[in-house]
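See below for the structure under consideration.
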Amino acid sequence: MARKYVPEEIETKWQKVWEDEETFVTPNPEPGAVPVGKGSDATYVLEMFPYPSGSAHMGHVKNYTMGDVIARFRRHQGQRVLHPMGYDAFGLNSENMAIKTGEPPAKFTEEAIATINRQLRRLGVSIDWTREVVTSRPEYYKWTQWLFLQLYKKGLAYKKEAPVNWCPSCQTVLANEQVVDGACERCDSPVEAKKLTQWFFRITDYAERLLQDFDKLESWPERVVTMQRNWIGRSTGADVVFGIVDDEAGAAGDETGAAREDLKVTVFTTRPDTLFGATFFILAPEHPLVEGLVSGTSCEEEVKRYVAKAINTSAIERASVEKEKTGVFTGRYAVNPVTGGKIPIYVADYVMMDYGTGAIMAVPGHDERDFAFAQKYGLEVIEVIDTPAEFKDADGRLTAAYPGDGVLVNSGRFNGLSKAEGIVKVTEWLKERGKADFAVNYKLRDWLVSRQRYWGAPIPIVYCEKCGEVPVPHEQLPVLLPEITDYAPKGKSPLAAAEHWVNTKCPVCGGSARRESDTMDTFVDSSWYYLRYVSARRDDVAFDRAAVDYWLPVDQYIGGVEHAILHLMYSRFFTKVLYDLDLVGFEEPFRRLFTQGMIYYRGAKMSKSKGNVVSPDEMVAKYGADSVRSYVLFMGPAESDAEWNDQGVEGVYRFLGRVWRQVTDAIDEGLLRAAKTAPAWDPAALSSAERALLVKTNQVIEKTTVDIGERFRFNTALSAIMELSNDIGAVRTSGLRETPSGRSVLAFALKMMVRLLEPFAPHMGAELWGMMGHEAVWDASWPEADSRFLTDETIELAVQVNGKVRDRVVVAQDASAEDVLAAVKELPGVVKYLEGMTLVKEVVVPGRLVSLVVK
RNA sequence: GCGGGUGUGGCGGAAUGGCAGACGCGCAUGAUUUAGGAUCAUGUGUCUUUGACGUGGAGGUUCGAGUCCUCUCACCCGCACCA
């Protein structure tokens with residue numbers, strides 16, 4: 001008697017089998033057993049590892065299911081698949097819990113890991129758990145610290161004073177990500193800028209390679225590449241040196257004025273061609289020259305007041321484009337290096353200290369911002385690029401800045417050049433005179449990695465009274481996090497208060513020393529975890545080179561687009577550094593990247609505060625893992641956002657129930673007792689109904705293979721399998737089961753349906769495949785479509801006359817165009833439209849349609 | 001402002017330049033059932049229905065356009081005084 005479909009029963013059964021038999025454990029090849037380099041049989045499928053806050057959500061379910069479908073599919077194709085899992089376990093969630101409760105963050109972290117671990121196993125994700133990594137455990141962060149030291153030795157990790165985000169209420173430094181609209185994410189107080197000495201990684205050294213190596217990627221979403229490109233923000237132009245002179249009256253600055261004539265300020269500009277139109281000069285309020293320039297002048301008071309105000313204005317407010325431009329005159333002048341003319345120097349907060357040199361030449365005629373400033377302060381505007389009339393008033397004066405292309409005018413010897421020529425010629429002319437050079441500028445800043453936080457990897461540096469800054473030697477790693485009781489930050493890292501830990505001995509001279517008390521940004525942990533998986537249990541190396549060479553780079557990386565910039569760019573940077581250190585043999589870690597869309601519910605992103613969360617646990621309990629897995633991929637294209645629909649998951653559950661019944665009923669009828677291998681059908685001996693089902697089955701094999709393997713269109717793969725199920729259902733009452741060949745076709749269709757569905761619904765796949773008398777569906781090779789049965793013998797073509805479908809014609813699949821046309825011209829629906837007309841064109845699209853044009 | 005993307009039934013969505021709406025949800029009718037649920041069958045873009053119209057809008061290319069080109073509107077995402 002057919003068993004009822006009880007997902008929980010079969011799912012827990014197979015999950016236990018997979019666990020007990022270590023089905024998905026994939027060891028590294030024995031040393032020497034494989035050729036050096038990436039294994040031709042090796043595939044690395046990786047999903048971004050979760051941050052363990054509480055429990056897994058539907059986004060995780062989608063992410064890990066997608067990876068699992070691909071991993072299972074590749075295994076069926078004969079690949080050895082590395083499909084590991086781990087936890088990005090350092091970070092603020094557990095730390096904030098610790099601050100609130102006084103209990104150690106490790107406790108919350110490990111609890112969350114246990115929960116997510118259980119959830120992933122309950123979903124039947126085929127993971128090699130022997131490779132699990134947890135970034136907050138000493139056996140992992142030992143190697144994070146080791147990597148820090150590799151960068152340190154290369155001069156890529158360094159300290160400098162830098163402004164950071166400071167929350168006065170929480171008494172702590174915040175990461176940029178924790179600053180939301182200029183306010184603290186946790187308490188909403190406005191964030192202040194504070195100068196602190198911080199550790200940085202010199203990612204700017206790699207800016208050019210990070211841009212160039214996009215060419216080395218096989219398949220990344222264009223928008224991710226674009227976002228990174230914009231973030232790196234390369235622009236080309238020139239550094240131009242301006243001299244500074246005293247004001248003509250010389251009243252206030254007489255005594256020091258002489259010295260200032262030698263003073264030089266460099267600006268970066270993308271438009272050296274407009275230099276003749278530079279009518280004033282601006283310094284950022286934070287520019288180091290400002291104070292000296294104005295000291296003792298009549299402008300001093302006003303400038304100092306302005307600077308103080310600008311520095312106290314929040315970054316968000318100051319960066320607002322809508323804000324009216326403001327500035328103050330310094331009483332000093334710069335010398336335009338091409339005209340020799342004196343131009344006034346202003347201080348204005350629309351010039352930022354952290355881009356370029358913090359000083360600009362202002363060309364109001366051809367820069368909108370400079371134009372607005374010139375208007376407000378009555379400064380001269382000169383047209384130096386021939387400007388279209390719509391930018392001018394009746395007198396020919398500019399009414400708006402013209403930033404476009406044009407011919408140079410009012411520019412002396414350079415008149416008549418194009419914008420592009422002007423950029424080159426003006427720079428070259430100045431370069432010969434030592435006043436400029438070609439320059440490239442990036443928006444990318446060095447990566448600030450120190451955090452004044454407890455729950456992170458300690459930076460492995462000690463400060464010795466005698467030897468200064470000393471890296472912790474390899475043998476002394478890991479620098480363990482000390483156990484403390486008060487996790488609340490008080491302006492510096494909670495670690496700084498752990499005196500017994502901070503006080504240590506200098507590794508060089510043995511004298512008394514103090515440990516660095518800052519910890520590393522958690523993005524450091526996640527920038528190399530994909531390497532650790534290959535050697536997760538090794539305690540003598542971070543990763544084994546031969547194993548890395550065999551498995552990496554990652555063939556398919558899958559995750560959310562929210563990591564488009566930070567995580568993905570930091571990982572690319574790390575890989576390049578490791579390549580330069582000859583620790584890995586490739587420069588890009590992720591060959592193919594897939595960014596999945598988010599799951600919404602009731603019109604919004606799921607969140608606990610909105611109370612619109614769909615719990616994976618509840619859904620799995622109600623419908624089973626197979627249904628939840630299948631539904632998250634059936635919702636729509638995996639890369640698009642999609643809205644969770646309670647009835648949608650029910651529909652998929654019904655579909656799986658139908659598959660279950662179709663197969664179990666067939667087994668009860670003895671239909672599947674047929675031979676275990678596919679019979680070699682004789683095309684000529686098949687009835688049309690048999691052939692139709694056989695063709696459908698082969699078409700679905702073909703489509704599913706392409707949809708999973710090449711297109712990542714899981715929704716259409718599932719649709720196709722549903723169609724197959726519908727067709728199987730439709731022959732239930734037909735005569736198909738009355739003949740041996742009919743029964744064998746039906747049995748074949750049922751088997752293929754189970755096989756094709758298995759990556760999505762692996763438990764049902766294992767159960768039904770077993771009930772059919774086979775073993776270990778997860779090891780079976782992927783079905784291949786039989787090209788003899790991909791099309792039917794006859795096909796129906798639509799017949800168009802002047803673009804409108806007027807009739808249909810059934811012809812042999814391989815009929816010639818002549819035969820088709822001859823048949824078409826007999827059709828009553830066509831004859832009607834041909835009468836009294838002249839046939840001017842005939843188009844036959846094989847397998848599609850026929851199109852006739854008449855006049 | 002700059003960059004990227006998306007617009008198709010009541011809903012999610014499908015469609016190498018070739019019969020728009022596959023598949024699923026929902027809905028309707030029927031069968032089964034004491035009833036409900038489940039299951040099965042049939043139907044389901046719109047309209048003034050012998051036919052016409054339909055993929056945000058307007059043009060264009062083509063025998064043929066959701067798909068390619070030009071312009072335009074709406075929404076979403078990223079960056080944003082980047083010199």
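Keep in mind the model is a prediction, meaning the values are calculated, not measured.
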B/A52 and B/C71, which share atom name P, separated by this distance in whole Å: 34 Å

A/Trp447: what forms a ring-ring contact (aromatic ring centres under 6.0 Å, His included) with it, not counting sequence neighbours? A/Phe201, A/Tyr570

Quick one: salt bridge (charged side-chain N to carboxylate O under 4.0 Å, His left out) pairs with a partner in residues 630-646 of chain A, sequence neighbours left out? none

Report yes if at least one side-chain N or O of A/Arg661 is closer than 4.0 Å to OP1 or OP2 of B/C40; otherwise report no. yes

When every nucleotide of nucleotides 6-16 of chain B is labelled 5' to 3' by its protein contacts under 4.0 Å (heavy atoms), B for base, S for sugar-phosphate only, - for none, what sequence of letters results? ------SSSSB

Taken in chain and number order and not counting sequence neighbours, the residues that satisfy side-chain hydrogen bond (donor to acceptor under 3.5 Å, both in side chains) with A/Ser235 are A/Tyr355

By nearest nucleotide on RNA chain B, pick out whichever of A/Lys841 and A/Lys832 is the more 5' one. A/Lys832

Results of ring-ring contact (aromatic ring centres under 6.0 Å, His included) for A/Phe594 - residues two or more places apart only: A/Phe712

B/C81 C1' sits how many Å from A/Glu368 CD, rounded? 10 Å

Inter-nucleotide P distance (B/A20, B/A65), Å rounded: 10 Å

Consider the side chain of A/Leu849, meaning its heavy atoms from C-beta on, and name the nucleotide among B/C25, B/C63, B/C19 that approaches it most closely. B/C19

Report the residues that fulfil salt bridge (charged side-chain N to carboxylate O under 4.0 Å, His left out) with A/Lys419, sequence neighbours left out, ordered by chain and then residue number. none

Take atom P in B/G56 and the same atom in B/U49, then report the distance between them in whole Å. 27 Å

Report which part of the nucleic acid A/Arg806 touches: base, sugar-phosphate, or nothing (heavy-atom distance under 4.0 Å, all strands). sugar-phosphate

Just wondering, are more than 12 heavy atoms of other shown residues or ligands nearer than 6.0 Å to CD in A/Glu650? yes

What's the gap between B/U62 and B/C69 when it is taken at their P atoms, as a whole Å value? 16 Å

Remember a base hit wins even if backbone is also touched, and classify A/Gln800 as base, sugar-phosphate or nothing at under 4.0 Å, heavy atoms. base

Assign A/Asn726 to base, sugar-phosphate, or nothing according to its heavy-atom contacts below 4.0 angstrom with the strands shown. sugar-phosphate

Answer yes or no: side-chain N or O of A/Lys443 and base N or O of B/C79 forming a donor-acceptor pair under 3.5 Å. no

Quick one: stems for RNA chain B, with Watson-Crick or G-U pairs under 3.5 Å, at least three in a row? B:1-7 with B:73-79, B:10-12 with B:23-25, B:26-31 with B:39-44, B:45-47 with B:51-53, B:56-60 with B:68-72

Checking B/G4, B/C81, B/G24 against the side chain of A/Arg223 (C-beta onward), the nearest is B/G4

Distance between C1' atoms of B/U67 and B/U8 (Å, rounded): 12 Å

Pairing residues for A/Glu669 by the side-chain hydrogen bond (donor to acceptor under 3.5 Å, both in side chains) criterion, not counting sequence neighbours: A/Arg737

Sequence neighbours excluded, the answer for side-chain hydrogen bond (donor to acceptor under 3.5 Å, both in side chains) partners of A/Asn645 is none

Roughly how far apart, to the nearest Å, are B/C23 and B/C73 at atom C1'? 32 Å

Closest approach to the side chain of A/Arg808, judged atom by atom: which nucleotide of B/G4, B/C19, B/C63 is it? B/C19

Base, sugar-phosphate, or nothing: which does A/Ser851 touch, judged by heavy atoms less than 4.0 Å apart? base

Which comes earlier along RNA chain B counting from the 5' end, the contact point of A/Thr269 or that of A/Asn802, where each point is its nearest nucleotide? A/Asn802

Considering only the C1' atoms, how many Å lie between B/C75 and B/G24, rounded to the nearest integer? 26 Å

Working to the nearest 0.5 Å, report the span between CG of A/Leu724 and NZ of A/Lys703. 13.5 Å

Specify the residues of residues 649-656 of chain A, ordered by number, for which at least one heavy atom lies under 4.0 angstrom from an atom of RNA chain B. A/Gly651, A/Arg654

Say you draw a straight line from NZ of A/Lys443 to CG of A/Asp354; how long is it, rounded to the nearest 0.5 Å? 11.0 Å

Partner set under ring-ring contact (aromatic ring centres under 6.0 Å, His included) for A/Phe714, not counting sequence neighbours: none

Contacts of A/Tyr346 meeting side-chain hydrogen bond (donor to acceptor under 3.5 Å, both in side chains) (sequence neighbours excluded), chain-then-number -> none

